[in-house]
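Scroll down for the structure; my scribbles are underneath it.
Atoms within each ligand, like the ligands themselves, are counted from 1 in listed order.
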Amino acid sequence: MSQYEPVIRFEKDEQIAIITLNRPDKLNAFSVEMRDQLYEIICIVRDDPTIHAVVLCGEGRGFCAGADLTEFGTNPTVIQKRRIRLQRDLWEEIRRLPKPIAVALHGFAVGSGLEMAMLCDFRFATPGTQLALPEAKLGMLPAAGGTQSLPRLVSQGLALDFAFSGHRITAEEGYKKKLISKIVAKEELLDTVIQYMKTIVSQSGKSASWIKSLVANSIDISLSQGILKERVLVERSWTERRK
Ligand code: COA
């Protein structure tokens with residue numbers, strides 16, 4: 001790969017942003033440089049009114065082999081590390097993205113690679129894709145939102161077993177456990193995901209972001225708070241439509 005090739009690629013297909021982790025020689029191991037570039041791109045995608053949905057994918061043999069292990073312990077100070085996390089909270093930006101986001105997984109989705117995927121709305125994967133959270137085995141926590149997103153997708157017992165053991169499971173097993181939304185043949189993966197997002201955009205148009213905001217956050221609030229939020233957003237959507 002050329003020295004000047006970005007570690008995160010960004011393209012547009014009609015109203016869909018396609019974001020590619022682009023460090024294939026290291027199985028897209030997630031480096032500080034990738035975090036910073038991805039953060040910038042997610043903010044652009046969030047604010048660009050011509051983009052209505054997002055597809056995240058990985059170049060090469062796998063989606064992402066987790067945090068770059070060679071960078072562990074290279075932060076100058078704990079305070080600096082904390083400040084960067086507060087200033088560029090990538091995981092929270094992905095979670096709060098007001099547009100539908102799907103991830104196309106193949107090969108490996110390990111550690112923060114899988115956690116990133118769990119913050120997306122839809123997870124498509126090719127048969128045999130390896131999924132794991134090995135952090136505990138390395139004396140760490142799955143702290144890219146993983147301890148919170150996982151039990152919201154699968155049962156609590158399963159979430160604990162998966163995170164305690166660090167065992168790898170295949171996408172097919174992940175599909176049975178509701179971790180994966182759909183299994184797609186490798187040669188069709190990206191086209192299928194892009195087409196799926198185009199269909200969502202054409203069917204739901206501007207309503208997609210309102211619906212996402214209501215549905216995605218419903219689990220964290222009471223039913224009555226949710227109904228209230230729904231009423232507020234309905235009013236707001238009518239006001240916007242009249243503009
Ligand atoms: N950080 C840094 N480099 C990584 C990496 C990571 N998390 N995962 C893979 N790489 C690098 C390897 O060092 C290797 O680089 P090299 O060719 O310069 O030696 C290259 O990516 C390919 O990886 P390799 O291990 O040879 O591929 P594989 O197909 O045999 O195994 C995995 C794939 C994903 C099973 C294996 O790479 C792995 O276990 N990676 C670490 C996963 C992990 O613990 N992530 C951190 C979670 S917190």
Under 4.0 Å between a side-chain nitrogen and a carboxylate oxygen: does that hold for Glu173 and Lys176?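 A salt bridge is absent here (no side-chain N lies under 4.0 Å from a carboxylate O).
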
According to side chain to side chain donor-acceptor pair (under 3.5 Å), who are the partners of Arg46, at least two apart in sequence or on a separate chain?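 Scan of Arg46 (side chain to side chain donor-acceptor pair (under 3.5 Å), adjacent residues dropped) gives Glu93.
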
For a distance cut-off of 3.5 Å, show me each N or O of ligand 1 paired with any protein N or O, plus the separation.
{"from": "ligand 1", "atom 1": "1 (N)", "to": "Leu69", "atom 2": "N", "distance (Å)": "2.9"}
{"from": "ligand 1", "atom 1": "7 (N)", "to": "Ala65", "atom 2": "O", "distance (Å)": "3.1"}
{"from": "ligand 1", "atom 1": "7 (N)", "to": "Ala67", "atom 2": "O", "distance (Å)": "2.9"}
{"from": "ligand 1", "atom 1": "15 (O)", "to": "Lys26", "atom 2": "NZ", "distance (Å)": "3.4"}
{"from": "ligand 1", "atom 1": "18 (O)", "to": "Lys26", "atom 2": "NZ", "distance (Å)": "2.5"}
{"from": "ligand 1", "atom 1": "27 (O)", "to": "Arg61", "atom 2": "NH2", "distance (Å)": "3.2"}
{"from": "ligand 1", "atom 1": "29 (O)", "to": "Arg61", "atom 2": "NH1", "distance (Å)": "2.9"}
{"from": "ligand 1", "atom 1": "29 (O)", "to": "Arg61", "atom 2": "NH2", "distance (Å)": "3.3"}
{"from": "ligand 1", "atom 1": "45 (N)", "to": "Ala65", "atom 2": "O", "distance (Å)": "2.9"}

Salt bridge (charged side-chain N to carboxylate O under 4.0 Å, His left out) pairs, two or more places apart, involving residues 103-131: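 Residue pairs with at least one partner in residues 103-131: Asp121-Lys212.
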
Pairs in or reaching into residues 50-59: which pass salt bridge (charged side-chain N to carboxylate O under 4.0 Å, His left out), with residues at least two apart or in two chains?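 Counting only pairs at least two positions apart or across chains, the salt bridge (charged side-chain N to carboxylate O under 4.0 Å, His left out) contacts touching residues 50-59 are Arg9-Glu59.
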
Got a donor-acceptor contact below 3.5 angstrom from the Lys12 side chain to the Ile51 backbone?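 Looks like no, no N/O pair under 3.5 Å.
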
Under a 3.5 Å distance rule, please check whether Thr199 uses its side chain to pair with a backbone N or O of Gln195 as donor and acceptor.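 At least one qualifying donor-acceptor pair exists.
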
